[in-house]
8 protein chains.
Amino acid sequence: MNLDDLRTLLEQIQRQERSVDSALEALRHLPYEDLDFARLDHHRKLRTGVAEVVYGPGKTASQTLEIVRRMLSARGQALVSRPTPEAVEAVQSEFAQSRYYETARLLAVGNFPQPAETPFAVVVSAGTSDQPVAEEAAVTLELHGVRAVRIYDVGVAGVHRLLDHLETLWQARVVIAVAGMEGALATVLGGLVSAPLIAVPTSVGYGASFQGVAALLAMLNSCAPGVSVVNIDNGFGAGVCATLILRTKTCK
Amino acid sequence: MNLDDLRTLLEQIQRQERSVDSALEALRHLPYEDLDFARLDHHRKLRTGVAEVVYGPGKTASQTLEIVRRMLSARGQALVSRPTPEAVEAVQSEFAQSRYYETARLLAVGNFPQPAETPFAVVVSAGTSDQPVAEEAAVTLELHGVRAVRIYDVGVAGVHRLLDHLETLWQARVVIAVAGMEGALATVLGGLVSAPLIAVPTSVGYGASFQGVAALLAMLNSCAPGVSVVNIDNGFGAGVCATLILRTKTCK
Amino acid sequence: MNLDDLRTLLEQIQRQERSVDSALEALRHLPYEDLDFARLDHHRKLRTGVAEVVYGPGKTASQTLEIVRRMLSARGQALVSRPTPEAVEAVQSEFAQSRYYETARLLAVGNFPQPAETPFAVVVSAGTSDQPVAEEAAVTLELHGVRAVRIYDVGVAGVHRLLDHLETLWQARVVIAVAGMEGALATVLGGLVSAPLIAVPTSVGYGASFQGVAALLAMLNSCAPGVSVVNIDNGFGAGVCATLILRTKTCK
Amino acid sequence: MNLDDLRTLLEQIQRQERSVDSALEALRHLPYEDLDFARLDHHRKLRTGVAEVVYGPGKTASQTLEIVRRMLSARGQALVSRPTPEAVEAVQSEFAQSRYYETARLLAVGNFPQPAETPFAVVVSAGTSDQPVAEEAAVTLELHGVRAVRIYDVGVAGVHRLLDHLETLWQARVVIAVAGMEGALATVLGGLVSAPLIAVPTSVGYGASFQGVAALLAMLNSCAPGVSVVNIDNGFGAGVCATLILRTKTCK
Amino acid sequence: MNLDDLRTLLEQIQRQERSVDSALEALRHLPYEDLDFARLDHHRKLRTGVAEVVYGPGKTASQTLEIVRRMLSARGQALVSRPTPEAVEAVQSEFAQSRYYETARLLAVGNFPQPAETPFAVVVSAGTSDQPVAEEAAVTLELHGVRAVRIYDVGVAGVHRLLDHLETLWQARVVIAVAGMEGALATVLGGLVSAPLIAVPTSVGYGASFQGVAALLAMLNSCAPGVSVVNIDNGFGAGVCATLILRTKTCK
Amino acid sequence: MNLDDLRTLLEQIQRQERSVDSALEALRHLPYEDLDFARLDHHRKLRTGVAEVVYGPGKTASQTLEIVRRMLSARGQALVSRPTPEAVEAVQSEFAQSRYYETARLLAVGNFPQPAETPFAVVVSAGTSDQPVAEEAAVTLELHGVRAVRIYDVGVAGVHRLLDHLETLWQARVVIAVAGMEGALATVLGGLVSAPLIAVPTSVGYGASFQGVAALLAMLNSCAPGVSVVNIDNGFGAGVCATLILRTKTCK
Amino acid sequence: MNLDDLRTLLEQIQRQERSVDSALEALRHLPYEDLDFARLDHHRKLRTGVAEVVYGPGKTASQTLEIVRRMLSARGQALVSRPTPEAVEAVQSEFAQSRYYETARLLAVGNFPQPAETPFAVVVSAGTSDQPVAEEAAVTLELHGVRAVRIYDVGVAGVHRLLDHLETLWQARVVIAVAGMEGALATVLGGLVSAPLIAVPTSVGYGASFQGVAALLAMLNSCAPGVSVVNIDNGFGAGVCATLILRTKTCK
Amino acid sequence: MNLDDLRTLLEQIQRQERSVDSALEALRHLPYEDLDFARLDHHRKLRTGVAEVVYGPGKTASQTLEIVRRMLSARGQALVSRPTPEAVEAVQSEFAQSRYYETARLLAVGNFPQPAETPFAVVVSAGTSDQPVAEEAAVTLELHGVRAVRIYDVGVAGVHRLLDHLETLWQARVVIAVAGMEGALATVLGGLVSAPLIAVPTSVGYGASFQGVAALLAMLNSCAPGVSVVNIDNGFGAGVCATLILRTKTCK
């Protein structure tokens, strides 16, 4: 029941076409179901424009395809993270205009905005192996209309490589730090920039990295202020966080 | 070596009062030490106005007092989190104008800004026992000049209590969710609001809550987009993150 | 807004005393807040009669007292688990008729039902040290009007002690198994009874019991069917689960 | 030695056909072995009708087939969870009437009851990937004669989707909540329903979900009362728990 | 019902003083309860003479005293591990002849055997701080009549200290290795002796010893054959294991 | 340098064929290397007859073959646990008389003793999937000349199945309990038998069994006395422990 | 900006070809970026000669090849650890003179120094399966010009095998101990030698070795002084540590 | 048996004063016990001069005093780490010349060398709370005759503070990095210096620092080469490692 339906119902009472009891019955159950929360949801979507993502692993190609179809017709766009090769093929053969970002492992179908020039976000990554997660964050930003400046391969063991990019970092509205192993990048960056910093631990490493736990703990314990953390390898989540931070500014 | 020193040095060369070699030697070592990074640090402070915090536990009253003295003279303000009762007494007997926020366990000495009316942040907490951490976040915001609207005791097991505050939540520029036990508050809030959400797990709970680990993991795995997480019980960190998110908006 | 208010509003429209637009505005925001969810909550309380519990640790005596006052006036009863000695004293000096169950560490104020004779629940515990948690479960049952038969100190290392009580166990509608250390009681009981079995791991033990983790894992992995588990030391939760299982039967 | 044998033995003594010493010897060892515990076991099976399940992984096709044969001849039914494809084929080629529930990964051979209309259980799942575990629970219920109403894909990040099903949830005798990632579904559901709630954490997720540990901990720490938990991915166990809860009601 | 009762019952049937039906009823329930399992238990006690131990922590002085009284009257001896000072005082003031082994934290009341000269067990400990656990094992052995040769303070970082005792070690029937920190003692001893070796990890250490977990894991992973492990700090358990190993030899 | 060499050296001094200084030099370095520790090792082997095992995983077929060759020539026997199929083939094609125990995953080459009739050990396992580990223990016993009585598939959820074998269990000199999942078998067995009990947790299970950790912790925390534990899935280690327990008896 | 550029700039001022202000602007940003830290880095490389290593896993053959090309042209050498077979092939087909150390899984391209005779390092490993990690350490040493003496297969369960090599161990300048399972080798070695000891836990083992965690914890808790630890399986890191220890000696 | 005894024994044979058999018997058992390993131990002490430390916690004042007495008479010096206040008092009242380093929590009795000017070690610590561990390392160095340069309070969130000390760091022979929380200091330092770096994680922090585990894991996973790690809070161990690294250089 949308607002129009509700207005119709109230007008029926006004016009004596419907009894109060029957209206009461209709209202007793429905409002929160069809009206308020849907509104809530639309409200959310309208304000943020954050796309829902379909998590690809564990879904068959036909399941993924079906979900993409539904999202496309409902929202005009669909986004799948880490799709299986079969799912990529199935979606791309049906939707020719879909784009698959290979490193980022993101499959985008439908209309996505063009990134604006400013304000922009910076995605920093420590090592070559962190790149897929960094790209997932960067492409997520771009698909939400945010320019993503990439600064890759600047691990803190060679801290000067990071310092070369200070000017860019200082102009960023939000910074995403992507690192595995000991995750020290987040702390060093956190001490250099004044923008909010979102840290993404990656599962890069071996032995006592425990598939990203070492980096996760390091980031949660960062002695630099203003660092918040998302799940291990969750580049998409970091991209959404950064988008929301930038979006809330423009909704004044 | 500050900018004036550097100018002096260059002018000495210009005036032939100093050889290029001797200047080269002076420059080879010093710049990054005394000039650039200090600038970097000032730059950071000027843009963000984020106060450095002194973590109280494990410090003696006299250590804390000494650090407060130094910070006051250097910055005009000092902030101590979770000070020991002895430290509170020592600081307050020397600095009469200091304020101790008892629930938040924050001791503020010196000049702090007045919170502006808008934009504001909302701090939501799940249970009574989460309040100290929530207050730490809220007072941190206020000490940085950000209005903090408190919505406490709205655990998701009674989800309607949360829904009563939807309008306020929708107007917030950033939301901080503070919860222990199973930490579900972050996910439910994350589905309701469009602002960036910073989740703070607390050590409230017993048994398999493992001093906040259950809440921490739940928040890191939140199926709601746009949620980032800080350390267990780290209300201060969440307050700083929220401040930075709000600050970057006003620095255009 | 309750049902009567809603009826009044609709009748105002019917009587042309109120415009559709003004009604629409009133309905757009309120229903889920004041009507539906409150109903939901009452509905829940009416059907289950499950008392909300106040978790005592970490609350000051005056905080606990204040919450007790509020719950008493709202519901006519209040229940505090693991109150501090100060809280017990504060509540008992104000509410003379309150009862404090010392082993169970439960403080009950106000009107609680008398346990019926049948159906009944059985609470089984492995060792003497598990008794506080077992009593917490048993008293919780009784405060909800359910008879609790106690079978204590029947650890499986002497399995015959358990078998002495088979007849009682077979007549129980629900069985609660309370055990620390290796938690094997749940599995052995699970193979003997046909009633639903709720297992409560306790923090009894040392070394590799890890404060109840060993028992928790054992119970979650029980090879006996029909075993479900609550948090370590959570006697109250087990008592509520058992109450709900018994209650749903009488609501036909 | 069954009851008839025991009667025969006693009558032999009565008829002086057997000495007391020889009877004593026979009784000293046997009772608990062949009589009492077998009775115990039959007793259990008669009252509950809970099928024993064969856990498929790690068994060869011929091992599974052999166990199925034995169970069929002993009980008239056999149930295999998560059989290997080879085991499914081996069993189905020998027992034409066997049914394989693909999503639930359950293989049923022999006679199973028809589900009754009421009372019924509700199985709620959070995401598409949780469906196999949810189906394992639902089919387990049906194979024990219990109607299972499925409410799938209602993750709490979109809490309104859940609220659409409140009426159904309120009529359920028992509710099973299946969720991975942060497992918040259990807590939100626990605050909405009055029936006993069995929570099943799933291994869905990545990174700090630790193959279901995050959801498990969240569920064990649920601030909603009346929630008990089974092992990660243990849909079968949840189905049996729910069956026992419903069964005990009908055995009055 | 003991064997005499059973004989009486059977003779009543033989003498036609009792009907078969009445006897059947008596036998249907009782055998496993009062006869077989009690026998089982006596059987066990007679063969092993292993004393049941009362675990002291978490018990009040009066609880401990009461349990000691019951055990004394039933078995003629009582053993309490790690009693509270109050419990020691309460027991010793009632039972003058009780002995309290201070380092071992064992309180023995009643009759215990004198240790025989051979065969004997050797208890080896790594450091001074491991001594309480080592003594708990040694005194446990002695209270069961087994001579315990103590070799203390022979950590493997000075492997020669251990080698000084090779002859004694080679004559031992069973060896108990007590060590905290990295627990390497078990492996080195395991390579030197041919007797069964029981390893006891202790909680001695700090940091990454995790209260004995490091030693526990090391001992479980020992590359020396013939090493089995008991719980952290479980000197009593190791003493009982060693006693059983020695006892089974003499029961031929 | 063996004993003969040492005698020769001393006789050379006696016969003035060698100077004291030259002998001193020879003795200063060698004794512990070639004499004492080798003696130590022979001593050990002679007394225990425990075969060294080659752990197969991670070794190439040719590495395994080479080690087998060396062990055979040095000791007349070689034992490989969990060899790869390639290693089995390589060894069997060179040593025709080798035996491969498929379930136990043990490859034995050379001369092994025949098991004696008594005393014997009993190997008990909980479920079908625990059988490979149980067999590893049983075959290890047999290859050391100890009769192994197998009691398989007697999980404690059906405790009567275990009780059927009480007589056999009571005659055993040592009992090995093999169980995964919740590992309760060890505790129940520990309460029934008086022989030393070696518990072997297995990695059988899923979810919160954590590859055997749940069973391991349960066994370490067993409330039954006389239980010691070996590593997860370490059937070989349990077999050696049991052998040593039995061997020490016959060396009087 | 290198030193020459800086000199040029200063000379321009000297020659009045450039204003102080323009020079100031150039210096304000650049020094630390292009000059100092690059110097820092060269400084480091010149003094230590430690090669940067490319971690092979997770990189495609072409990524690896590209990185090798860049490192070769910049430094004249490239080192890849644990390359994929495809990467080995790709690199070797382009760079004929590259060497692949198969056991050590190290691929070296370009010019590496010849190991000097003294001082030397000793690499000790416990078991055959630890050899790849030990070789990674040894070859790393050799590629940095350090002689590596290998003592393999000397597990402490047979401590005499270790003692055979005491003289060599006593002459080593640094010792690397490589062991999995319980990692006791580090402690025993630490008690025997006076050189700095670097311990490398390996993931060799099963069950409660937790992929090297048991060995890691044991090594961190070693009761022998002078033991420091690197990550699980990190032979390369140990080799670099040892190189640095040796290098610092020769740079006087 | 020392070298002189051995010479005497051999001379007795030479002089025919002792039979070969009697000498053989004496030699068969003793060499490794009294000669070789003692030599080994002396050898070690002579070369390294590393003092054995007594770990204070868990020892009574009189136990500590007794050990100090024994060490003093055997070695002329004694060192106690983290002594209880009672132990400090007990030792100081008996040994007037003992020194207690309060921050370092080290109690030194007897003769210790004076630190030489060069080569020196640098101890770097991140925060004020890390100072006790840093001092433990620094004083340990000094008590072994090594100059320790302290650079405290240089956390990497303000990386410029660290860079101020580059010259000193570059001249150090070995660097010790002491940090809690996220432990990033080790990685940043590791990228700046060429000396061997020993990282000491501290238990400073809260929540997900897990008493130093976060820092420990970060340090073990450092992407900087040449970093090795000691136990959490193990300043003494780091000091000994550094001493050994410096000592081996001077023993040429």
Side-chain angles (χ1 to χ4, degrees), chain G residues 32 36-37 40-41 43-53 55 118-119 160 163 166 170 172-174 191-201 216-217 219-223 225-232 234 236-252, chain H residues 32 36-37 40-41 43-53 55 118-119 160 163 166 170 172-174 191-201 216-217 219-223 225-232 234 236-252:
Chain G
Y32 56 87
D36 299 302
F37 280 92
L40 184 161
D41 214 49
H43 186 104
R44 180 167 207 283
K45 176 140 187 267
L46 287 172
R47 284 177 67 191
T48 66
V50 170
E52 200 176 319
V53 78
Y55 185 63
T118 61
H160 62 289
L163 297 174
L166 269 184
W170 286 344
R173 277 290 165 78
V174 59
L192 294 177
V193 304
S194 61
L197 189 117
I198 297 160
V200 193
L216 171 64
L217 295 185
M219 287 164 170
L220 285 169
N221 286 284
S222 176
C223 58
V227 177
S228 64
V229 186
V230 296
N231 194 3
I232 298 163
N234 190 6
F236 177 78
V240 169
C241 282
T243 299
L244 291 185
I245 290 173
L246 284 163
R247 280 292 158 83
T248 52
K249 302 172 71 154
T250 58
C251 66
K252 264 209 256 197
Chain H
Y32 55 86
D36 298 303
F37 280 91
L40 182 162
D41 214 48
H43 185 103
R44 183 169 205 281
K45 175 139 184 268
L46 287 172
R47 284 176 66 191
T48 66
V50 170
E52 200 176 319
V53 78
Y55 185 63
T118 60
H160 63 289
L163 298 174
L166 269 184
W170 286 344
R173 276 292 165 75
V174 60
L192 294 177
V193 304
S194 61
L197 188 117
I198 298 160
V200 192
L216 170 63
L217 295 185
M219 287 164 170
L220 286 168
N221 285 285
S222 177
C223 58
V227 177
S228 64
V229 187
V230 296
N231 195 2
I232 297 164
N234 190 6
F236 177 78
V240 169
C241 283
T243 299
L244 291 184
I245 289 173
L246 283 163
R247 281 291 159 84
T248 53
K249 301 172 72 155
T250 57
C251 67
K252 265 209 255 198

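A, B, ... follow the sequence lines: proteins, then strands. Residue 1 opens every chain. None of the values given here were measured: they were computed from a predicted structure.
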For this session: Check whether H:Ile232 gets within reach of chain G through its side chain, its backbone, both or neither, counting any heavy atom under 4.5 Å.
Result: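 Looking at H:Ile232, nothing touches chain G.
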Problem set entry | Side chain proximity check, H:Leu197 to G:Leu244, heavy atoms < 4.5 angstrom |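 A side-chain contact under 4.5 Å is absent here.
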Exercise. Between CD1 of G:Ile245 and CD1 of H:Ile198, what distance do you get to the nearest 0.5 Å?
Worked result: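 Atom-to-atom, G:Ile245:CD1 and H:Ile198:CD1 are 7.0 Å apart.
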Exercise. Pick from G:Pro196, G:Pro225, G:Ser228: which one makes a side-chain contact (heavy atoms from CB on, under 4.5 Å) with H:Cys241?
Worked result: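 With H:Cys241 as partner, side-chain contact (heavy atoms from CB on, under 4.5 Å) holds for just one option, G:Ser228.
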Exercise. Does the pair G:Leu216 and H:Leu220 meet the rule for a side-chain contact (heavy atoms from CB on, under 4.5 Å), with working shown?
Worked result: CA-CA 10 Å; G:Leu216 171 64; H:Leu220 286 168; 3.7 Å; yes
